[in-house]
Participant: 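Here it is: the structure, laid out below.
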Amino acid sequence: MSDVSDPQHPISLPDKPALEGLEAKWNARWAENGTYRFDRRRARPEVYSIDTPPPTVSGSLHVGHVFSYTHTDIVARFHRMRGKAVFYPMGWDDNGLPTERRVQNYYGVKCDPSLPYDPAFEPPQTPGKQPVAVSRPNFVELCLQLTKEDEKAFEHLWRYLGLSVDWSMTYATIDRRAQRVSQASFLRLLKRGIAYQLEAPTLWDVDFRTAVAQAELEDREQPGAYHRIRFRRQGQSTAAGTHGAVEIETTRPELIPACVALVAHPDDERYRPLFGTEVVTPLFGAPVPVRAHALADPEKGTGIAMICTFGDLTDVTWWRELTLPVRAVIMPNGTLRPVAWGTPGWESGDATRAQQAYDQLAGLSATKARMRIVELLRESADLVGEPKPITHPVKFYEKGDRPLEIITSRQWFIKTMAHREELLARGREITWHPEYMRHRFENWVNGLAGDWCISRQRFFGVPFPLWYPVGADGVVDYSRPLVPDEPRLPIDPSTDVPDGYGQEQRREPGGFVGDPDVMDTWATSSLTPQIAGGWLSDPDLWERVFPMDLRPQGHDIIRTWLFTTVLRSLLEHKSLPWFNAALSGFVLDPDRKKMSKSKGNVVTPMALLEQFGSDGVRYWSASVRPGGDPAFDVNDPGQIKVGRRLAIKILNAARFALLQAEPRGPIIEPLDRGMLTSLSRLVDEATAQLEAYDYARVLERTERFFWSFCDDYLELVKARRYGDFTTEGAASANSAMLVALSTLLRLFAPYLPFVTEEVWSWWRPGSVHQARWPSSVEAVEAIGGDDAAALTVFLQSQAAVADVRRLKALAKRPAKTPIARAVLPARFEPLAPAARDFQAAMHIRELVFADVAESELTFAEEPVA
RNA sequence: GGGCGCGUGGCUCAGCGGUAGAGCAUCCGCUUCACACGCGGGGGGUCGAUGGUUCGAUUCCAUCCGCGCCCACCA
């Protein structure tokens with residue numbers, strides 16, 4: 001084994017090995033030596049490529065990051081040791097709303113896109129109460145400035161944790177490369193008619209004043225109330241009493257002015273006579289038809305609902321399928337817009353009264369308008385009974401604070417509905433880890449309600465690379481966008497000028513305007529394989545890494561990141577983006593609640609790493625099975641401490657093995673051969689399981705072997721290796737120990753990169769992380785074949801050791817108490833070839849196997865000779 | 001309402017057809033020449049409930065209960 005006896009590399013051991021300082025020491029060395037550099041000369045079959053999740057840099061770091069990124073790193077390190085060139089870049093997700101919000105608070109500014117760029121702008125020293133308005137380019141500069149700082153902190157953490165990333169390949173979702181990819185892909189989709197714009201009702205956040213996508217919704221339980229409202233039949237006056245009136249129930253009475261119809265189920269006998277007739281809205285006297293639609297649920301409320309433009313997504317469906325008019329009242333900022341009743345579209349039987357009522361609502365937020373209109377309805381006796389308080393789920397933008405509204409606006413979409421079947425088929429081609437996560441993906445695809453809205457009315461994002469011509473009449477013609485040539489990308493239409501125009505023609509009749517919007521952050525993040533892999537910019541690299549091998553990510557973003565990446569790759573390349581998707585869970589607090597800043601239960605990882613060592617923290621991460629959601633208690637970081645102890649044990653066991661590593665020679669002793677046979681079987685198992693991404697099991701098995709290696713095997717061979725018997729026996733023990741140590745270090749290397757590298761450096765050249773992954777062939781070579789007989793010797797020795805220790809402890813004898821005579825049951829007899837080691841380790845003078853049920857020990861009173 | 005996962009000793013979890021496992025915690029013992037950041041040992045579980053398949057079930061199937069997550073056109 002040239003592997004374990006390299007005369008060129010002398011053993012050098014520290015007197016008192018310790019974990020402290022290993023992170024700094026080895027990170028510096030790895031950076032210097034380019035240990036994790038991607039070898040881009042290797043062809044695709046020899047490459048293992050990873051589509052790293054770019055963390056949101058404006059968010060705070062917590063143990064969940066450390067947890068899931070460790071899993072990916074273990075896989076990366078395994079494949080690197082298997083001989084692959086590992087493509088493992090890091091990305092930063094810095095565009096988007098979270099960064100905008102952080103910049104606003106950090107610098108005390110707000111973006112006003114109407115302002116011109118001020119090259120001399122400096123943010124206030126300390127943020128004032130009133131935010132300073134800045135131009136969009138200035139705002140973007142501040143975003144870039146702050147994310148640079150955040151990215152430094154992230155990189156420091158990742159390095160400290162020991163991620164084997166090639167830092168020369170880092171990208172950011174706002175950098176030029178990402179913008180170019182994102183814009184080019186969009187333009188190609190536009191050309192093919194897959195990206196399109198539409199004036200349509202869209203989910204809208206009134207605080208951020210932007211459209212949001214279905215994937216960004218979440219339901220939150222909110223207090224509300226059912227209001228029973230009376231609609232009179234057409235032709236009846238207010239004074240005509242209640243006969244023939246229709247009662248509906250609504251949680252949003254403030255939308256009565258936006259009501260365009262009532263709807264009931266076609267088979268509902270109660271309302272059947274009304275279909276085709278008209279009723280009038282209370283307060284506003286607007287005539288609205290009563291219609292039939294299968295979505296109306298006779299069980300809900302009174303069985304008949306009012307359709308408003310727009311109260312919820314069902315309204316949109318009804319509005320579209322029943323071809324109803326629009327009567328929108330909610331403005332982008334969430335308040336009710338001014339309306340002139342009696343004008344076209346706002347017909348009323350009593351325009352004066354309608355105006356009087358409406359004027360009390362105009363300008364109010366939806367919530368305030370609701371309170372006011374309830375009073376008005378009560379006064380006009382159109383409210384039946386009192387509102388009944390309820391709690392019901394309301395749709396929110398996941399980052400928003402107020403319920404979403406639905407607002408009609410011009411937005412860009414990417415077609416998804418047309419590709420549902422193919423997406424499902426592609427999803428089945430991906431290997432999911434764990435397998436059951438595929439259901440989440442299919443669930444989502446099956447539940448898609450509409451095409452993907454990708455435009456956002458925000459500032460820090462990738463702009464749409466489009467301008468629109470302005471007609472001689474000053475009207476913008478959105479139907480004929482001006483498109484830049486691909487080589488010009490990336491462009492910012494707010495500063496760049498379309499070909500054939502001059503800057504002075506901006507916003508002028510006969511000139512142009514830039515598209516003011518930016519793309520949804522997922523519209524760029526869905527292209528991370530293309531961005532990282534050099535699509536468009538580095539075809540040579542692209543050939544070597546795409547489709548990628550692995551997408552690791554959290555299961556909470558299957559519907560966003562995973563789904564959109566599959567979609568974009570399908571649309572762009574008719575290909576899967578990667579072959580494997582590994583979904584890691586997230587860390588829960590001790591009460592099994594998801595960690596989040598708002599709950600205040602976030603644990604920051606740096607202190608943990610410093611206190612217990614990166615290897616200890618990585619051990620905890622790796623011990624959770626794929627997809628699992630571990631609970632973590634900072635006050636009782638059990639598994640981290642266990643990991644730290646394991647790392648320390650590795651230091652000490654290695655020191656023991658190397659302390660007196662001579663003489664060396666053929667591995668002839670059955671005990672040694674049995675131990676190595678056992679180890680070689682572990683290696684086969686570990687390799688297969690890591691190929692299947694089952695890192696947790698491999699760690700558990702390796703660790704179990706290692707502890708018994710230390711506690712049983714090393715104890716058993718101690719006397720022999722110190723030369724108490726023959727030179728050949730000592731040589732056999734030493735050589736076996738070194739083979740085992742070399743193998744174990746490499747098995748542990750993906751999990752505990754620092755301690756294994758440290759120990760490797762005591763006696764082996766190069767980095768353990770570039771060493772080849774152990775194979776059973778190695779161990780088998782060292783002993784000339786799988787030795788099943790020796791394995792039995794080894795296993796029976798271990799069992800007998802446990803038995804004798806138990807009896808000695810029960811007899812309350814100190815461990816060193818000699819045993820004059822030990823009678824062991826015959827089942828232990830197979831250990832006989834190792835009897836000398838066994839007797840020495842257990843201090844047994846006379847060993848007998850007999851037909852007894854239990855071992856019998858006779859203790860000697862005098863100490864061992 | 002649909003889907004998925006999980007329910008194993010005080011805690012965190014592994015096992016998944018053949019007499020219950022680990023670590024932590026707890027208790028007892030040991031200054032054993034690699035390690036007291038250590039070593040050895042003990043106690044502690046009718047494996048959520050009920051049926052079924054089987055010679056045999058914690059392990060397979062069905063139903064139910066509890067917890068969690070994802071999804072859904074909840075007026």
Side-chain angles (χ1 to χ4, degrees), chain A residues 13 16-19 217 219 224 226-227 248-252 255 262-264 293-297 299-308 311-318 390 392-395 434 436-449 555-556 558-559 585-586 588 590 592-594 612 620 623-625 627-633 636-639 641-660 696-697 700-701 703-704 707 710-711 714-715 718 722 801-802 804-817 841 843:
Chain A
L13 294 179
K16 185 80 184 159
L19 299 179
L217 298 186
D219 281 352
Y226 282 130
H227 304 76
I248 60 108
E249 277 195 341
T250 180
T251 54
R252 300 205 58 186
L255 292 180
L262 299 189
V263 66
H293 193 280
L295 267 185
D297 183 350
E299 301 297 315
K300 277 180 196 153
T302 58
I304 187 162
M306 72 169 179
I307 303 174
C308 306
D312 62 24
L313 289 171
T314 322
D315 281 342
V316 178
T317 309
W318 280 326
I390 52 154
H392 65 152
V394 177
K395 292 197 185 315
Y436 62 75
M437 289 294 181
R438 196 189 71 243
H439 296 286
R440 302 265 184 106
F441 175 79
E442 296 191 344
N443 232 335
W444 175 251
V445 175
N446 285 323
L448 284 174
H555 59 62
D556 52 332
I558 289 174
R559 65 176 182 172
F586 32 69
L588 308 172
R592 311 217 114 259
K593 295 275 176 292
K594 193 173 171 178
F612 298 104
W620 160 70
S623 63
V624 178
R625 72 179 189 289
D629 298 331
F632 182 74
D633 185 354
D636 183 22
Q639 289 299 100
K641 282 200 267 183
V642 173
R644 176 179 172 77
R645 226 164 304 180
L646 172 63
I648 292 169
K649 190 76 176 176
I650 290 172
L651 287 176
N652 286 309
R655 184 162 182 278
F656 170 74
L658 296 168
L659 209 48
Q660 183 183 314
R697 190 185 294 245
E700 195 251 331
R701 296 292 154 83
E703 187 192 6
R704 190 192 302 169
W707 282 106
C710 291
D711 297 340
L714 291 184
E715 293 300 329
K718 212 171 239 181
Y722 279 130
V801 164
V804 171
R805 280 174 176 164
R806 183 176 59 85
L807 293 172
K808 204 178 248 184
L810 286 175
K812 304 234 179 219
R813 303 283 178 154
K816 275 206 290 197
T817 308
H843 309 291

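All values below come from the heavy atoms of this structure, side chains included, with hydrogens, waters and symmetry mates left out. Letters A, B, ... mirror the listed sequences (proteins, then strands); counts begin at 1.
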Participant: What is the distance, to the nearest angstrom, from the CD atom on A:Gln639 to the P atom on B:C24?
Facilitator: 9 Å
Participant: So A:Lys395 and A:Asp219, salt bridge (Lys or Arg N to Asp or Glu O under 4.0 Å) or not? Walk me through it.
Facilitator: CA-CA 5 Å; A:Lys395 292 197 185 315; A:Asp219 281 352; 3.3 Å; yes
Participant: When every nucleotide of nucleotides 32-43 of chain B is labelled 5' to 3' by its protein contacts under 4.0 Å (heavy atoms), B for base, S for sugar-phosphate only, - for none, what sequence of letters results?
Facilitator: B-BBSBSSSSS-
Participant: For B:C55, which nucleotide in any strand shown is its Watson-Crick or wobble partner with both distances under 3.5 Å?
Facilitator: B:G18
Participant: Given side chains that start at C-beta, do those of A:Glu715 and A:Arg805 come closer than 4.5 Å, heavy atoms only?
Facilitator: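 A:Glu715 reaches A:Arg805 side chain to side chain.
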Participant: Strictly under 4.0 angstrom, non-hydrogen atoms only: write out the protein contact profile of nucleotides 66-75 of chain B, one letter per nucleotide from the 5' end, B, S or -.
Facilitator: ---BBSSBBB
Participant: Measuring to OP1 and OP2 of B:A14, would you say a side-chain N or O of A:Arg701 lies under 4.0 angstrom away?
Facilitator: no
Participant: Does the side chain of A:Ile307 come within less than 4.5 Å of A:Thr314's, by heavy atoms?
Facilitator: no
Participant: Using both distances under 3.5 Å as the test, list the Watson-Crick or G-U wobble partner of B:G45, or none.
Facilitator: none
Participant: For the C1' atoms, the ones on B:A72 and on B:G1, what distance do you get once it is rounded to whole angstrom?
Facilitator: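 It comes out at 8 Å once rounded to the nearest Å.
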Participant: Does B:U50 have a Watson-Crick or wobble mate here (both distances under 3.5 Å), and if so which one?
Facilitator: B:A62
Participant: Within this structure, what is the CZ-to-P distance between A:Arg625 and B:U12, rounded to whole angstrom?
Facilitator: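 Computing the A:Arg625:CZ to B:U12:P distance gives 13 Å.
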Participant: What integer number of Å spans the P atoms of B:U19 and B:G3?
Facilitator: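 My reading of the P atoms in B:U19 and B:G3 gives 37 Å.
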Participant: Could you work out the separation of B:U58 and B:C71 based on their P atoms and round it to a whole Å?
Facilitator: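 That atom pair is separated by 37 Å.
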Participant: NE2/A:His439 to CG/A:Asn446 distance, rounded to the nearest 0.5 angstrom?
Facilitator: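 It is 12.0 Å, given to the nearest 0.5 Å.
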Participant: Rounded to the nearest Å, what distance is computed from the CD atom of residue A:Glu703 to the C1' atom of nucleotide B:C24?
Facilitator: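 That distance rounds to 13 Å.
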Participant: So which of A:Tyr436, A:Phe441, A:Phe586 actually passes side chain to side chain contact (heavy atoms under 4.5 Å, CB included) with A:His555?
Facilitator: A:Phe586
Participant: Provide, to the nearest angstrom, the distance between the CZ atom belonging to A:Arg438 and the C1' atom belonging to B:G5.
Facilitator: 15 Å
Participant: What integer number of Å spans the P atoms of B:C37 and B:G18?
Facilitator: 41 Å
Participant: Does A:Trp620 have its ring centroid less than 6.0 Å away from the ring centroid of A:Phe632?
Facilitator: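 Yes, ring centres under 6.0 Å apart.
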Participant: Identify the nucleotide, in any strand shown, that forms a Watson-Crick or G-U wobble pair with B:C73, with both distances under 3.5 Å; if there is none, say none.
Facilitator: none
Participant: Under a 3.5 Å cut-off for both contacts, is B:C11 paired Watson-Crick or G-U wobble with anything, and if yes, with which nucleotide?
Facilitator: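 Pair assignment: B:C11 / B:G23.
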Participant: Can you tell me the distance, in whole Å, between the OH atom of A:Tyr436 and the P atom of B:C6?
Facilitator: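 Distance check: A:Tyr436 OH to B:C6 P gives 6 Å.
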Participant: For B:G44 versus B:C61, give the span between their P atoms, rounded off to a whole number of Å.
Facilitator: 33 Å
Participant: Considering only atom C1', compute the distance from B:G15 to B:C60 and round it to an integer number of Å.
Facilitator: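 Going atom to atom, C1' in each nucleotide, I get 16 Å.
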Participant: Between B:C73 and B:C13, how far is it from one P atom to the other, in whole Å?
Facilitator: 33 Å
Participant: Quick one: are A:Thr817 and A:His843 in side-chain contact, heavy atoms under 4.5 Å?
Facilitator: no
Participant: Once you apply the 3.5 Å cut-off to both distances, tell me the Watson-Crick or G-U wobble partner of B:G68, or none.
Facilitator: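 Across all strands, the one nucleotide that pairs with B:G68 is B:C4.
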Participant: Give, for atom CD1 of A:Ile390 and atom OG1 of A:Thr251, the distance between the pair rounded to the nearest 0.5 Å.
Facilitator: 6.0 Å
Participant: Between B:A34 and B:G7, how far apart are the C1' atoms? Round to whole Å, please.
Facilitator: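 B:G7 and B:A34 have their C1' atoms separated by 43 Å.
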Participant: Hey, what do you get for CD (A:Gln639) to CZ (A:Arg645), rounding to the nearest 0.5 Å?
Facilitator: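 Going from CD on A:Gln639 over to CZ on A:Arg645, the span is 10.5 Å.
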Participant: Would you call A:Glu700 and A:Arg625 a side-chain contact if the rule is heavy atoms closer than 4.5 Å?
Facilitator: no
